[in-house]
Amino acid sequence: MLCFRVLPVAQDLEYIFYDGHCGLCHRAVKFVLNHDRAGNTFRFAPLQGQTFLSRMSSKQIPGLPDSFVVLTREGSLLLRSDASLYVMRRLGGGWKTLASILGVIPRSARDAAYDFVARIRYRVFGRQYDLCPVVPPNLRARFDP
C-alpha cells in the first residue's frame with residue numbers, strides 16, 4: 001500500500017480530502033456519506049482547504065494527487081486506488097467484499113485506471129465552484145474547511 005506518514009489524526013478521526021472543484025469527487029463524498037453505516041467513519045475536507053494544508057507538510061503536497069486522498073487515524077496517507085479501496089473496506093458490507101476483489105488487481109493497473117478517470121473527471125462530471133458538496137444540515141458538521 002502506497003502511503004506517507006503524517007501526524008496522527010486527532011480523536012481517532014479519518015479524513016477524506018477531495019478535490020473541491022470536481023463533480024466526481026463531490027459524488028464520491030455523497031456516496032460515502034450515504035453508505036457509512038456508523039455515520040461517523042470519515043470527516044471530509046477539500047484539498048484546497050485549510051484543514052488539508054494544516055495537516056500536510058509543504059514538502060508532501062507537490063507529490064500528492066489532486067483528486068482524492070485519505071488520512072487514516074494511524075497517520076498514513078493513502079493515495080489513488082489504495083485510498084478508494086480503503087474507503088470501500090471501511091464502509092463494510094458488500095463494499096468491503098468488492099474492495100477485496102479489486103485488491104487482487106496489481107496496484108499499477110488500478111492506479112492507471114484511477115489516473116485515467118482523474119484526467120477526464122472535469123470533462124465528464126463537470127467543475128464545481130462550491131468546495132463542499134450540497135448535503136443536508138445534519139451532515140455538514142462532518143466537513144472541515
Side-chain angles (χ1 to χ4, degrees), residues 1-6 9 13-145:
M1 190 174 343
L2 180 64
C3 66
F4 298 93
R5 301 297 293 173
V6 294
V9 178
L13 297 175
E14 297 191 292
Y15 271 94
I16 293 177
F17 296 111
Y18 61 93
D19 177 359
H21 298 297
C22 167
L24 175 61
C25 299
H26 279 218
R27 290 176 185 169
V29 166
K30 288 180 180 180
F31 174 86
V32 173
L33 287 168
N34 288 332
H35 291 87
D36 178 7
R37 294 176 180 187
N40 61 358
T41 304
F42 295 101
R43 292 196 60 77
F44 304 90
L47 289 166
Q48 299 85 353
Q50 298 168 2
T51 302
F52 177 73
L53 294 174
S54 70
R55 295 211 175 259
M56 300 300 125
S57 73
S58 59
K59 294 178 185 176
Q60 287 176 304
I61 293 173
L64 296 176
D66 64 350
S67 53
F68 190 81
V69 176
V70 173
L71 177 59
T72 70
R73 66 177 149 250
E74 294 83 19
S76 296
L77 198 60
L78 306 177
L79 312 175
R80 296 183 172 79
S81 65
D82 284 340
S84 299
L85 293 180
Y86 181 82
V87 169
M88 292 168 65
R89 285 187 192 101
R90 294 285 286 127
L91 292 177
W95 300 112
K96 185 175 182 177
T97 303
L98 181 59
S100 296
I101 293 167
L102 294 173
V104 301
I105 299 170
R107 182 186 304 126
S108 59
R110 291 190 330 251
D111 283 350
Y114 180 96
D115 291 342
F116 172 75
V117 172
R119 274 193 307 276
I120 65 168
R121 69 186 188 270
Y122 291 128
R123 281 181 278 164
V124 175
F125 296 97
R127 183 176 288 276
Q128 303 295 314
Y129 296 98
D130 186 5
L131 290 178
C132 292
V134 177
V135 295
N138 63 317
L139 297 176
R140 289 185 196 144
R142 292 180 62 187
F143 288 81
D144 292 325

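For the numbers below, each heavy atom of this structure counts, side chains included, while hydrogens, waters and symmetry mates do not.
In this structure, L79 CG and Y86 OH are separated by 13.5 Å, a value rounded to the nearest 0.5 Å. With values rounded to the nearest 0.5 angstrom, L139 atom CG is found 11.5 Å from N40 atom CG. The CH2 atom of W95 sits 13.5 Å away from the CG atom of D36 when rounded to the nearest 0.5 Å. The line from CD1 of I61 to CZ of R55 is 13.0 Å long, rounded to the nearest 0.5 Å. For the atom pair CG of D82 and CZ of R107, the computed distance is 4.5 Å after rounding to the nearest 0.5 Å. Separating the SG atom in C25 from the NZ atom in K30 is a distance of 13.0 Å, to the nearest 0.5 Å.
Checking Y114 against S67 by side-chain atom types alone, a donor-acceptor pair falls below 3.5 Å. Between the side chains of E74 and S76, no donor-acceptor pair is found at a separation under 3.5 Å.
Contact between R37 and G93 at its shortest, heavy atoms only, is NH2-CA, 3.6 Å. Closest heavy-atom contact between T51 and P145: OG1-O, 2.6 Å. The two residues G20 and H26 come nearest to each other via the heavy atoms O-NE2, 2.7 Å. Nearest heavy-atom pair, L85 versus G103, reported as atom, atom and distance to 0.1 Å: CD1-CA, 3.9 Å. Nearest heavy-atom pair, E14 versus R90, reported as atom, atom and distance to 0.1 Å: OE1-NE, 2.7 Å. The two residues A99 and R89 come nearest to each other via the heavy atoms CB-CG, 3.7 Å.
The shortest side-chain heavy-atom distance between L64 and L47 does not fall under the 4.5 Å cut-off. Between V69 and M56 the shortest side-chain heavy-atom distance does not fall below 4.5 Å. For the pair D66/R121, a side-chain contact is recorded, criterion being any heavy-atom separation below 4.5 Å from C-beta on. Under the 4.5 Å side-chain criterion, counting only non-hydrogen atoms from C-beta, L24 is not in contact with V124. Put simply, the side chain of H21 reaches to within 4.5 Å of the side chain of Y122, judged on heavy atoms. Looking at L91 and T41, their side chains never come closer than 4.5 Å, going by heavy atoms from C-beta outward. Proximity of D19 to Q48: side-chain heavy atoms (C-beta onward) are separated by under 4.5 Å at one or more points.
The backbone N or O of D111 lies less than 3.5 Å from no partner atom in the side chain of R80, so there is not a single donor-acceptor pair. The main-chain N or O of A141 is found under 3.5 Å from a side-chain atom of R43 such that the two form a donor-acceptor pair.
A cation-pi geometry, defined here as NZ or CZ lying under 6.0 Å from the six-membered ring centre and within 45° of its normal, does not hold between R142 and F44.
Taking the six-membered ring for Trp and thresholds of 30 and 60 degrees, Y15 and F17 have nearly parallel ring planes, at less than 30 degrees apart.
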